[in-house]
Visitor: 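First, the structure itself, so that you have it in front of you.
In what follows, every heavy atom counts, from backbone to side chain, and hydrogens, waters and symmetry copies are set aside.
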Amino acid sequence: MADISIVHEHKLTHKKAREAAQKVADSIADEYGLACEWEGDVLHFERSGVQGQLTLEKKKAEMFIRLGFLMSAFAPTIEAKVSENMKKVFGAA
């Protein structure tokens, strides 16, 4: 198993941060076949071998991903792609 934790600070309004989070979710859902669901300001996602959440706070977004044994081999690639995607949609801190 492998855990990925990414924190990205932002200067977006709550509405814009949620829109940005949805873009991240749509991207990873398409690429990795994840089911996503909002619960307040926390976006939960999962599929076989992958589960996690994206939590929105006032000035930061926190992504946590837990990879199962087979997916853990791809942890560096997944972390790099998700981190880059978050930078694109949330902008500079």
Visitor: Does any non-hydrogen side-chain atom of V24 lie less than 4.5 Å from one of F45?
Guide: no
Visitor: Find the distance between CG (L12) and CZ (F90) and round it off to the nearest 0.5 Å.
Guide: 7.0 Å
Visitor: Take atom NZ of K59 as the centre, draw a 6.0 Å sphere, and report whether it contains more than 12 heavy atoms from other residues, nucleotides or ligands.
Guide: yes
Visitor: Over all heavy atoms of both residues, which pair between K23 and V89 is shortest? Give the atoms and the distance, please.
Guide: CB-CG1, 3.9 Å
Visitor: Given I78 and L67, is the side chain to side chain contact (heavy atoms under 4.5 Å, CB included) satisfied, shown in steps?
Guide: CA-CA 10 Å; I78 293 170; L67 302 173; 4.1 Å; yes
Visitor: Testing the basics here: between H10 and K58, what is the closest heavy-atom pair and its distance to 0.1 Å?
Guide: CE1-O, 3.3 Å
Visitor: Drop me the distance from M1's CE to L70's CG, to the nearest 0.5 angstrom.
Guide: 11.0 Å
Visitor: How long is the gap from CZ on R66 to CE on M71, to the nearest 0.5 Å?
Guide: 14.5 Å
Visitor: Do you know which two heavy atoms are closest between I4 and A75, and how far apart they sit?
Guide: CD1-O, 3.6 Å
Visitor: Roughly how far apart are L43 CG and L54 CG, rounded to 0.5 Å?
Guide: 5.5 Å
Visitor: Once side chain to side chain donor-acceptor pair (under 3.5 Å) is applied, do any residues pair with H14, and if so which ones, sequence neighbours excluded?
Guide: D41
Visitor: Which residues pass the side chain to side chain donor-acceptor pair (under 3.5 Å) test with Q22, not counting sequence neighbours?
Guide: D26, W38
Visitor: Side chains of E19 and K15, heavy atoms from C-beta outward: is any pair under 4.5 Å?
Guide: yes
Visitor: Less than 4.5 Å apart, side chain to side chain, heavy atoms only: is that true for E84 and K81?
Guide: no
Visitor: Quick one: pull up CD in E62 and CD1 in I6 and give me the separation to the nearest 0.5 Å.
Guide: 11.5 Å
Visitor: Donor-acceptor pair, H44 side chain versus A35 backbone, under 3.5 Å?
Guide: no
Visitor: More than 12 heavy atoms of other residues, nucleotides or ligands under 6.0 Å from CZ of F74: is that the case?
Guide: no
Visitor: To the nearest 0.5 Å, what is the distance between CE on M63 and CG on N85?
Guide: 8.0 Å
